[in-house]
Amino acid sequence: MRRILHMDMDAFFAAVEALRRPELRGKPLVIGGSGDPTKRGVVSTASYEARTYGIHSAMPLIKAYKLCPHAVFLPVDYQEYSRVSHIIKDILAEFSPVIEDVGIDEAFLDISEMEKSSEHIAHEIKERIKGRTGLTCSIGIAPNKLLAKIASDMQKPDGLTILAGKDVEARIWPLPVRKLWGVGPKTEGYLKQLNIRIIGELAAAPRDDLIEQFGKSYGQYLYEASHGIDDSPLVTQWEPKSASRETTFQSDTDNWQTIARSLADLVREVANDLMERGYKSRNVTVKIRFSDFQTQTRARTLPAATDDLETLRREAFACLSKFELKKKVRLVGVRARRLTASEIH
Ligand code: TTP
Ligand code: MG
């Protein structure tokens, strides 16, 4: 039986901000965009105090402001969060070499081979993270990734939830279907039409019915997931797959200079990111979202991997010139893909 641990930091961006500004502790904090709630942008994260006002991730800042005008609004400082994130991932790597880095504030760890009890390991991880960063996290431990991720979310913040295979019926089946990885609002809607709202109802549906409704692979996935079955291995790649930045304009624009200047700034940030992390890229992709939310990308693959700012900028501009800018632009982004470690790092 495998033992998989999932760690997820609590209100991560907000917690990092409160850490370096103790006067903010205990206050409703909203991190997002430029930090000015009268300007366009969405909430990246809200502190637990702010969440009691109904504020949540992806909500427009202006709406968050209306819900709680006295909240403290702060801009996203990605560099600082990624610095803290690295410290946390390094701590996790001290426990087990089998790590899957999922996002800035979460990771899976395979602890099957460790002799200590699950409780013991979880408490040690929490203590070490708290000691070195001052932050709290929530941990879930289960026989697979699917259940471990659900478990880490069950008792936030500073939670610890350990699930065994036999707990699926009592602990997982009462949860809404949305808690299953890979079930978004669209599938949730379809399932609702079939009178399936909780995972237990999904588990009661015959496998063949689900396959008929959702196709062979997704139908089969839904059937297995609802029974807590997941054999997927940890993807233990340490190399980041990409470095990217994007920005949403204050108001939609068709001014090429404005778009180009923003793109140049974003390329500089991506190049700095690559250099800091010791990576070079062989593919530059530019993304444009138009005012009607239509989103397009254009990419260029380079003959050799690079972290050279001039080269990256030239390629990004070559991508930009491939767009037909007939509509106003809402967002521009750039991503450096196909990363390799630079020898000097
Ligand atoms: P989450 O782990 O989803 O959220 P959280 O850590 O803020 O809160 P929780 O205690 O519920 O885990 O995401 C981690 C970070 O990723 C979050 O601090 C900010 C960022 N983020 C966004 O920028 N936009 C989003 O829509 C979400 C969900 C997260
Ligand atoms: Mg989190």
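Whatever order the structure lists ligands and atoms in, that order sets their numbers, starting from 1.
Protein heavy atoms are absent from the 4.0 Å sphere centred on atom 3 (O) of ligand 1.
With salt bridges taken as basic N to acidic carboxylate O contacts below 4.0 Å, none links Arg330 and Asp292. Electrostatic pairing of Arg128 and Glu94 counts as a salt bridge here, judged by a charged N lying under 4.0 Å from a carboxylate O. Taking a cutoff of 4.0 Å between a charged side-chain nitrogen and a carboxylate oxygen, Lys280 and Asp308 do not qualify as a salt bridge. Ion pairing of Glu100 with Lys145 is present here, as a side-chain N (NZ or NE/NH1/NH2) and a carboxylate O approach within less than 4.0 Å. A salt bridge is absent between Glu23 and Arg21: the closest approach of a Lys/Arg side-chain nitrogen to an acidic carboxylate oxygen does not fall below 4.0 angstrom.
Using a 4.0 Å cut-off to heavy atoms of Asp8, the atoms of ligand 1 that qualify are 2 (O), 12 (O). Those atoms of ligand 1 with a heavy atom of Lys156 less than 4.0 angstrom away are 9 (P), 10 (O), 11 (O), 12 (O). Interface of Asp10 with ligand 1, defined as ligand atoms under 4.0 Å from a residue heavy atom, comprises 10 (O).
At a heavy-atom distance under 4.0 Å, only side-chain atoms of Tyr48, from C-beta outward, approach ligand 1. Counting heavy atoms closer than 4.0 Å to ligand 1, residue Met9 contributes backbone atoms (N, CA, C, O) but none from C-beta onward. Contacts between Arg51 and ligand 1 below 4.0 angstrom, taking non-hydrogen atoms only, involve the side chain exclusively.
Within a 6.0 Å sphere centred on CD of Gln79, other residues, nucleotides and ligands contribute 12 heavy atoms or fewer.
From Leu339, atom CG reaches atom CG of Asn283 across 9.5 Å, with rounding to the nearest 0.5 Å. How far NE2 of His6 is from CG of Leu147: 12.5 Å, rounded to the nearest 0.5 Å.
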Using side chain to side chain contact (heavy atoms under 4.5 Å, CB included), reason through Phe214 and Tyr190 one step at a time and then give a plain yes or no.
CA-CA 9 Å; Phe214 296 97; Tyr190 283 135; 4.0 Å; yes
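The single protein non-hydrogen atom nearest to atom 24 (N) of ligand 1 is Ser44 O, 3.5 Å, given as residue, atom name and distance. Taking atom 18 (O) of ligand 1 as the reference point, the nearest protein heavy-atom neighbour is Phe13 N, 3.0 Å. From the protein, the heavy atom lying nearest to atom 7 (O) of ligand 1 is Thr45 OG1, 2.4 Å.
Between Ala11 and ligand 1, a contact under 3.5 Å exists for at least one N or O pair. For ligand 1, the polar-atom distance check against Ser57 finds no nitrogen or oxygen pair separated by under 3.5 Å.
The Mg ion (ligand 2) lies under 2.8 Å from an N, O or S atom belonging to Asp105. For residue Ser138, no N/O/S atom approaches the Mg ion (ligand 2) to within less than 2.8 Å. Note on Asp8: counted as a metal contact of the Mg ion (ligand 2), an N/O/S atom lying under 2.8 Å.
Shown here for Asn144 and Gly228, the closest heavy-atom pair between the two residues is ND2-O, 2.9 Å.
For the residues Val42, Asp105, Ile31, the heavy atom positioned nearest atom 1 (P) of ligand 1 is part of Asp105.
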